[in-house]
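Have a look at this one before I ask anything.
Reckoned from all heavy atoms, side chains included, excluding hydrogens, waters and symmetry mates. By convention in this document, chain letters (A, B, ...) are assigned in the order of the sequence lines, proteins followed by strands, and residues within each chain are numbered from 1.
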Amino acid sequence: MAKRTLVLRFPPHLVNEAITYRLVKDYGLAINILSARVKPQEEGNVVIGVEGEKTKIEEGVDYLKRLGVKIQPLVQDILWNQEECTHCTLCIPLCPTEAFILNRESMEVSFDKERCIACGLCVKVCPYHALELLLG
Amino acid sequence: MAKTIDEIKERIKKGQVVVVTAEEMIDLVDKEGIKKAARKVDVVTTATFGPMCSSGIFINFGHSSPKIKVEKVWLNEVPAYAGLAAVDVYLGATELQERDPANRVYPGEFRYGGGHVIEDLVAGKDINLKATAYGTDCYPRKELETMVNIKDLNEVTLFNPRNGYQNYNVAVNTSDRVIYTYMGLLEPHLGNANYCSAGQLSPLLNDPLYEVIGIGTRIFLGGGVGYIAWWGTQHNPGVGRGDNEVPRVEAGTMATIGDAKMMNPKYLRGTSMRGYGVTLSVGLGVPIPVLNERVAKFTAVRDEEIYAPIVDYGREANQFLGEVNYKQLRSGKVIIKGKEVSTGGISSYKRAREIAGILKKWIKEGKFFLTQPVAKFPGKESEYVFRPLRERR
């Protein structure tokens with residue numbers, strides 16, 4: 001089983017295509033939508049996590065390309081330096097994919113990398129430089 | 001039955017002292033009632049950890065040979081104030097490093113400044129010291145550049161003119177653009193709400209009328225031991241209060257002092273607020289002697305009984321948009337103008353809890369003794385007010 005995170009941009013005429021459904025049905029991929037900005041008449045922007053057989057992922061990517069979807073791999077990466085984090089929780093309301101999780105009992109912040117789309121907003125707001133944006 | 005601080009000190013000496021944190025006090029009062037809790041508990045520990053801009057250090061770095069009377073001084077390229085005796089300087093937390101682009105590249109990153117120098121110094125790192133002078137017959141030297149380390153400096157005294165604000169605004173932004181403030185990044189159209197208090201754990205919220213905390217109170221400061229030196233700047237005791245005497249807006253403050261050589265960089269952190277500047281996050285812990293039932297009742301205050309004003313930082317007039325309590329704020333969501341808004345903290349509750357625990361341990365182990373304040377802060381009846389500036393010619 002392989003895993004990849006992809007940034008998809010698709011032109012307005014594809015907004016009504018059941019792309020996710022086809023990826024699941026025809027290629028047997030598990031799709032996790034991490035972030036989606038899709039509006040009628042506008043270019044769509046979706047970040048997905050895909051999981052499945054390596055060859056199937058490649059076939060799925062080919063299918064998307066044939067449709068005219070532009071695909072970029074997620075080349076950025078966020079590094080959370082736990083030692084520097086003071087658990088102030090400033091990042092909590094800003095993270096668009098809720099990759100930072102606050103345990104309300106312990107008031108402790110943790111980071112779920114799987115959910116992160118490396119948008120970099122947290123890097124901007126962290127007062128203690130506990131987050132770094134790594135370019136791939 | 002009332003207790004005295006001397007009696008509590010005696011119990012610390014004998015290893016019999018009963019100490020709980022302000023959170024534990026809530027549970028205890030819940031279970032056993034105020035009367036029993038007041039009798040049982042000797043000390044309640046309170047704490048907070050967050051950015052406190054009005055902080056800094058006095059340093060005496062010793063005399064060079066030949067001597068210099070410092071006129072201008074920099075520590076790791078961050079200017080400090082030298083308008084004191086020859087080799088005494090004061091470095092403030094919010095001072096920017098020379099040539100920092102500040103907000104010329106908006107929003108500025110403010111990666112390093114006074115607060116970071118303080119953290120590095122306390123962490124035992126070598127610091128670059130540069131000084132210039134005009135030269136006198138008694139202090140002929142005009143330039144100096146050397147590395148210094150905290151262990152070789154004479155005095156390194158943390159002195160913070162304003163710490164531990166009693167309550168604070170909840171910051172939101174109703175404008176159409178992102179704004180960068182000392183309360184963090186605020187998204188437009190009520191995108192988030194940032195608050196900054198440890199609520200039920202916060203020192204002055206547990207002694208709302210400054211009856212037991214005062215000048216001379218020994219405290220946990222930046223990981224070491226310090227004292228309350230005075231009331232803090234902008235101290236404002238006469239504000240509106242709830243029935244529980246807890247202020248509903250920013251009110252009391254305290255000035256603190258302590259030996260930075262004994263402190264820990266974990267509790268003195270250089271802090272960069274995007275688009276705003278640099279500052280220092282300070283860990284503060286204050287013990288409250290439970291002298292009587294009244295004190296016990298005040299220390300049992302809970303998050304849901306402490307209200308903070310929601311203030312719109314997106315408009316120049318800083319419009320008031322209502323009130324929320326700290327239980328709601330810590331739950332992660334509050335309702336503002338009918339909209340559900342996610343909350344973010346600036347003050348670390350986790351760190352505050354940790355500090356209250358450390359102070360409790362120190363007292364139980366007989367390493368930390370309570371002091372009797374030598375004078376009180378101006379109280380709510382004192383006519384002491386925080387005035388705006390009246391500009392004139």
More than 12 foreign heavy atoms under 6.0 Å from NZ of A:Lys70: is that the case here?
->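 No, not enclosed.
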
Mind checking whether B:Lys350 and A:Leu102 have side chains closer than 4.5 Å, heavy atoms only?
->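 Side-chain contact under 4.5 Å: no.
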
Per-residue contact mode, A:Cys95 against chain B (heavy atom under 4.5 angstrom) |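 Contact with chain B: none, neither part.
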
Write out, in numerical order, the residues from residues 119-132 of chain A with a heavy atom short of 4.5 Å from a heavy atom in chain B.
-> A:Leu121, A:Lys124, A:Val125, A:Cys126, A:Pro127, A:Tyr128, A:His129

Residue selection (most heavy-atom pairs with chain A, distance under 4.5 Å) from B:Glu109, B:Arg111, B:Glu354, B:Lys266 = B:Arg111

Pick whichever of B:Ser281, B:Gly184, B:Gly191 has the most heavy-atom pairs under 4.5 Å with chain A.
-> B:Ser281

Side chain, backbone, both or neither: which part of B:Arg353 has an atom under 4.5 Å from a heavy atom of chain A?
-> side chain

Would you confirm whether B:Ser342, through its side chain, and A:Pro93, through its main-chain N or O, come within 3.5 Å as a donor-acceptor pair?
->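 A pair under 3.5 Å: no.
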
Region of B:Phe49 in contact with chain A, defined by heavy-atom distances below 4.5 Å | side chain

Interchain contact, B:Ser331 with chain A, by part (heavy-atom threshold 4.5 Å) = backbone

Output for pair (B:Ile346 CD1, A:Thr86 OG1), nearest 0.5 Å, gives 11.0 Å

Take atom CZ in B:Arg302; do more than 12 heavy atoms of anything else shown fall under 6.0 Å from it?
-> yes

Counting only heavy atoms not in A:Glu98, do more than 12 fall under 6.0 Å of its CD?
->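 Check fails, neighbour count at 12 or below.
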
Comparing B:Gly270, B:Gly275, B:Gly332, B:Gly50 against chain A, the one with the most heavy-atom pairs below 4.5 Å turns out to be B:Gly332

Would one find more than 12 heavy atoms of other residues, nucleotides or ligands at under 6.0 Å from atom OH of B:Tyr106?
->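 Above 12, so yes.
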
Could you tell me the separation between the CD atom of A:Glu108 and the CZ atom of B:Arg351, rounded to the nearest 0.5 Å?
-> 10.0 Å

In Å and rounded to the nearest 0.5 Å, what is the CD1 to CG distance from A:Ile92 to B:Asn192?
-> 12.0 Å

Return yes when atom CD of B:Glu323 has more than 12 non-hydrogen atoms of other residues, nucleotides or ligands closer than 6.0 Å, and no otherwise.
-> yes

Residue B:Ser347 versus chain A: region with a heavy atom under 4.5 Å =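 For B:Ser347, backbone heavy atoms alone lie under 4.5 Å from chain A.
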
